[in-house]
Amino acid sequence: MRNLKRLTIAGLFVLFASTNIVAQELSISKTESSSVNIKELPEYVIITSENTKLFGGINIAIDYKKSSYAEVLERLETLLQNRKKLRIRNQTDLLNALSKLGFEYIDAYNANAGTISAGGGDDIEIFGGESKYRVNMVFRKKEQFRS
C-alpha cells in the first residue's frame, strides 16, 4: 500500500511538473506573439550582442533608426532585452529565442572589440585586462513566415 501511495505521489509530481513546463511554454508563446508579429518584421534582421560580464549576461541591440520597420524592430529589441520573458543570458539563448520566434541563423561577424586594462609606461607592469566583444548576428525569417 505504501508503494502504491509513493507511486501516486510521484506520478502526481511528474504530472504537475510537466503541466507547469507546458503552461510556461504556452505563456512564452503568447507573450511573444502579442509583443511582436513576425509577419510585420523584415526578412532579415541583424542583432548586435555584447557580453556584459559585470551583470552575467548580454546586451542586445537592433539598429532600427530610419528604418521603415523601426516600430516593430524596436518592439523586438525590447522583447529580447526583457530577461523575464525570454530569459536570454547568452548567445546560445539568443539563437534559441530567435528560432522560436520564426527566424533562422545565417551568419555572424565581429562588430568590434574594445579592451579595458590598467597600467602603462616603461617601468609599470600591465596587470590585467578584460575585453568586451560585440557580435552582429544575421537572422532570416524561416520559409513559412516569408511573404
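Scope of the values below: all heavy atoms of this structure, side chains included, with no hydrogens, waters or symmetry mates. We count residues from 1, following the sequence as given.
- Both Leu73 and Ile38 are assigned to one and the same hydrophobic cluster, defined by single-linkage of ILVMFWY side chains at heavy-atom distances under 4.5 Å.
- Taking 4.5 Å as the limit, every side-chain heavy atom of Tyr44 sits out of range of all side-chain heavy atoms of Phe139.
- Here the shortest heavy-atom pairing between Ala70 and Tyr64 reads CB-O, 3.4 Å.
- The side-chain contact (heavy atoms from CB on, under 4.5 Å) check on Lys39 picks up Asn37, with sequence neighbours excluded.
- One distance of note links CZ of Arg140 with CG of Leu98; it measures 15.0 Å at 0.5 Å rounding.
- Partners of Glu143 according to the side chain to side chain donor-acceptor pair (under 3.5 Å) rule, which considers only residues two or more places apart in sequence or in another chain, are Arg146.
- Both Tyr69 and Val45 belong to a single network of hydrophobic side chains, linked directly or stepwise wherever heavy atoms of I, L, V, M, F, W or Y lie under 4.5 Å apart.
- Under the 4.5 Å side-chain contact rule for hydrophobic residues, Tyr105 and Val138 do not share a cluster.
- When side chains are defined from C-beta on, Leu95 counts as touching Met137, because their heavy atoms get closer than 4.5 Å.
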Evaluation steps, side chain to side chain contact (heavy atoms under 4.5 Å, CB included), between Leu80 and Ile47 = CA-CA 10 Å; Leu80 295 173; Ile47 298 176; 3.6 Å; yes

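- Closest of all the heavy-atom pairs between Leu86 and Ala97 is CD1-CB, 4.2 Å.
- Between Leu41 and Leu76 the shortest side-chain heavy-atom distance falls below 4.5 Å.
- In this structure, Thr48 and Ile62 have side chains that are not in contact, with every pair of non-hydrogen atoms separated by 4.5 Å or more.
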Check the pair Leu101 / Leu79 against side chain to side chain contact (heavy atoms under 4.5 Å, CB included), numbers first and verdict last.
-> CA-CA 11 Å; Leu101 289 171; Leu79 175 65; 4.2 Å; yes

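- Other residues, nucleotides and ligands place more than 12 heavy atoms under 6.0 Å from the CD atom of Glu40.
- Considering all non-hydrogen atoms of both residues, Ser49 and Gln91 come closest at OG-NE2, 2.8 Å.
- In this structure, the side chains of Ile46 and Tyr109 come closer than 4.5 Å at one or more pairs of heavy atoms.
- The shortest heavy-atom contact between Ile60 and Ile88 is CD1-CG2, 3.8 Å.
- Between the CG atom in Asp107 and the CG atom in Asn136 there is a gap of 10.5 Å [rounded to 0.5 Å].
- Minimum heavy-atom separation, Arg83 to Ile58: NH2-O, 3.6 Å.
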